[in-house]
Amino acid sequence: MIKKVSVIGAGTMGNGIAHVFAQNNFDVNLIDISPEKLESALRNISKNLDRQIAKGIITEETKKTSLTNISTFTSIKEGVVDADMVVEAVTENPGLKLKIFKEIDEYAPASAILATNTSSISITKIASATKRPEKVIGMHFMNPVPVMKLVEIINGFLTEPAVTQMVTELSKQLGKVPCVVSDYPGFIANKILMPMINEAISSLYEGIAGVEEIDTIMKLGMAHPMGPLQLADFIGLDVCLSILKVLFEGFGNPKYAPCPLLINMVTAGKLGVKTGEGFYVYKPGDKNLIVSKQFAK
């Protein structure tokens with residue numbers, strides 16, 4: 001039975017994952033090498049719990065209990081030593097993930113399930129860094145984690161069916177909807193989403209339509225809640241580029257080749273919401289969508 005969960009990485013995804021586990025009465029060890037990031041994560045979790053209170057989703061008591069359920073650590077060794085499950089949620093860097101999984105494998109109990117929140121990197125490759133590949137699985141949460149219902153569960157080549165079943169049931173305990181898929185580049189979510197985003201960027205690059213027109217057509221014509229260019233900004237253009245590279249290298253198919261405009265924007269540091277500008281300009285407290293001057297007509 002899973003009672004204690006260690007979450008590695010206190011960024012947007014990591015603090016969101018810690019939030020949902022803590023809110024559902026799991027003991028959570030949140031781990032990050034940066035004390036400042038851990039402090040920031042706790043503040044963000046508190047703010048997001050306040051939003052849930054304002055919407056009538058949870059009570060003040062639930063917030064208090066949730067925050068009490070979270071302990072913070074700057075050492076993987078100390079943070080995973082008594083874990084029933086570890087969820088890694090660091091940046092999409094294969095080398096870093098392999099290094100972390102080797103360390104988790106060394107210090108976590110032999111019975112612990114090791115999950116990764118990767119959105120595109122091979123689970124089988126990550127599992128190869130451990131001596132327990134049968135206990136390694138993908139658990140791809142969507143951003144923002146407390147709000148989005150989907151969890152994409154990815155079986156590695158050697159993942160045991162019992163582990164898949166346990167993680168599927170665990171996702172339901174968190175109030176999520178689990179979907180089990182196989183371990184191929186991009187899995188399902190990004191194998192379908194990223195070519196669409198890339199095609200939207202290519203349409204802009206080729207001068208077929210402007211930023212607002214592309215997003216409006218997809219929102220009003222296809223009932224998407226957010227246009228593909230705005231969504232790319234929200235995800236992070238650097239993350240989009242990284243995933244497209246994984247797809248391109250993994251399948252060897254030119255249809256996954258990143259658009260030159262995307263490459264240039266990432267090189268120029270225009271990464272979307274996180275840098276304040278991508279296809280749109282983002283200002284604190286301003287919810288209006290303003291097209292970047294680069295693409296304004």
Side-chain angles (χ1 to χ4, degrees), residues 6-18 30-34 37 40-41 44 76 86-105 114-130 136-145 148 150-156 179 181-198 201 228 231-252 256-259 262-275 278:
S6 295
V7 178
I8 300 178
T12 301
M13 296 305 295
N15 76 60
I17 293 166
L30 182 58
I31 307 163
D32 199 290
I33 57 171
S34 167
K37 275 197 173 181
S40 176
N44 284 334
I76 287 178
V86 181
V87 182
E88 168 274 316
V90 303
T91 186
E92 287 288 273
N93 180 317
L96 178 60
K97 287 185 186 289
L98 291 170
K99 178 177 178 291
I100 286 173
F101 266 80
K102 188 174 181 181
E103 193 171 352
I104 298 169
D105 188 49
L114 310 185
T116 172
N117 182 57
T118 182
S119 60
S120 62
I121 299 168
S122 167
I123 308 304
T124 305
K125 182 175 181 178
I126 291 171
S128 71
T130 77
V136 179
I137 194 165
M139 199 175 187
H140 179 205
F141 290 85
M142 304 293 138
N143 185 29
V145 181
M148 300 292 278
L150 176 66
V151 176
E152 189 178 30
I153 295 171
I154 309 103
N155 285 321
C179 291
V181 305
S182 298
D183 184 23
Y184 290 96
F187 317 134
I188 286 297
N190 282 321
K191 188 175 186 294
I192 294 171
L193 174 64
M194 286 303 151
M196 183 191 75
I197 285 176
N198 198 42
I201 297 170
L231 180 56
D233 276 355
F234 182 71
I235 293 168
L237 301 191
D238 53 337
V239 176
C240 293
L241 179 58
S242 174
I243 295 169
L244 281 164
K245 284 180 177 177
V246 168
L247 289 165
F248 185 44
E249 291 165 10
F251 289 111
Y256 298 114
C259 175
L262 174 61
I263 295 169
N264 276 349
M265 290 180 72
V266 172
T267 303
K270 303 295 185 182
L271 309 181
V273 175
K274 68 176 82 173
T275 60

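In this chain, residues are counted from 1 in sequence order. For the numbers below, each heavy atom of this structure counts, side chains included, while hydrogens, waters and symmetry mates do not.
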- Note on the structure: Minimal heavy-atom distance between Cys179 and Leu150, with the atoms involved, is SG-CD1, 3.8 Å

- Under 4.5 Å between any side-chain heavy atoms of Leu193 and Met196, yes or no? yes

- Item | Partner residues of Tyr184 under the ring pair (Phe, Tyr, Trp, His ring centres under 6.0 Å) criterion, sequence neighbours left out | none

- Message: Testing the basics here: between Ala257 and Phe248, what is the closest heavy-atom pair and its distance to 0.1 Å?
- Response: N-CD1, 3.9 Å

- Message: How long is the straight-line distance from CD1 of Ile76 back to CD1 of Ile8, given to the nearest 0.5 Å?
- Response: 4.5 Å

- Message: Using side-chain hydrogen bond (donor to acceptor under 3.5 Å, both in side chains), reason through Asp183 and Thr124 one step at a time and then give a plain yes or no.
- Response: CA-CA 7 Å; Asp183 184 23; Thr124 305; 2.7 Å; yes

- Message: Rounded to the nearest 0.5 Å, what separates atom OG in Ser6 from atom CD in Glu88?
- Response: 13.0 Å

- Message: Can you confirm whether Ile197 sits close enough to Ile235 that some side-chain heavy atom of one is under 4.5 Å from a side-chain heavy atom of the other?
- Response: yes

- Message: Would you compute the distance between atom OG1 of Thr91 and atom CG of Asp238 and round it to the nearest 0.5 angstrom?
- Response: 7.5 Å

- Message: Test of understanding: with salt bridge (charged side-chain N to carboxylate O under 4.0 Å, His left out), list the residues that count as partners of Glu92, not counting sequence neighbours.
- Response: Lys97

- Message: Show the nearest heavy-atom pair for residues Gly250 and Pro185, with the distance to one decimal.
- Response: CA-CG, 3.8 Å

- Task: Would you indicate whether the side-chain heavy atoms of Ile31 and Val86 approach each other to under 4.5 Å?
- Result: no

- Heavy-atom check, side chain of Tyr256 versus side chain of Lys191, under 4.5 Å: yes

- All heavy atoms of Ala10 vs all of Ala41, minimum pair found to be O-CB, 3.5 Å

- Rounded to the nearest 0.5 Å, how far apart are CZ of Phe101 and OG1 of Thr130? 8.0 Å

- Main-chain N/O of Gly11 paired with Asp32 side-chain donor or acceptor, under 3.5 Å: no

- Message: Does Leu96, at its CG atom, have more than 12 non-hydrogen atoms belonging to other residues, nucleotides or ligands within less than 6.0 Å?
- Response: yes

- Item | Minimum heavy-atom distance between Pro195 and Leu244, given as atom pair plus value | N-CD2, 4.4 Å

- With Ile154 as partner, the option from Thr118, Val181, Ile188 fulfilling side-chain contact (heavy atoms from CB on, under 4.5 Å) is Val181

- Do other residues, nucleotides or ligands put more than 12 heavy atoms under 6.0 Å from Lys125 NZ? no

- Task: With the side chain counted from C-beta on, respond yes when Val266 and Leu271 share a heavy-atom pair under 4.5 Å apart, and no when they do not.
- Result: yes

- Message: Side chains of Asn190 and His140, heavy atoms from C-beta outward: is any pair under 4.5 Å?
- Response: yes

- Item | Taking every non-hydrogen atom, the tightest pair across Leu30 and Gly14 | CD1-O, 4.1 Å

- Item | Test side chain to side chain contact (heavy atoms under 4.5 Å, CB included) applied to Ile123 and Asn155, step by step | CA-CA 7 Å; Ile123 308 304; Asn155 285 321; over 6 Å; no

- Between CE of Met194 and CG of Leu262, what distance do you get to the nearest 0.5 Å? 9.5 Å

- Is a donor on one side and an acceptor on the other found under 3.5 Å between the side chain of Asn198 and the backbone of Cys259? yes

- Task: Working to the nearest 0.5 Å, report the span between CE of Met139 and CD1 of Ile137.
- Result: 8.5 Å

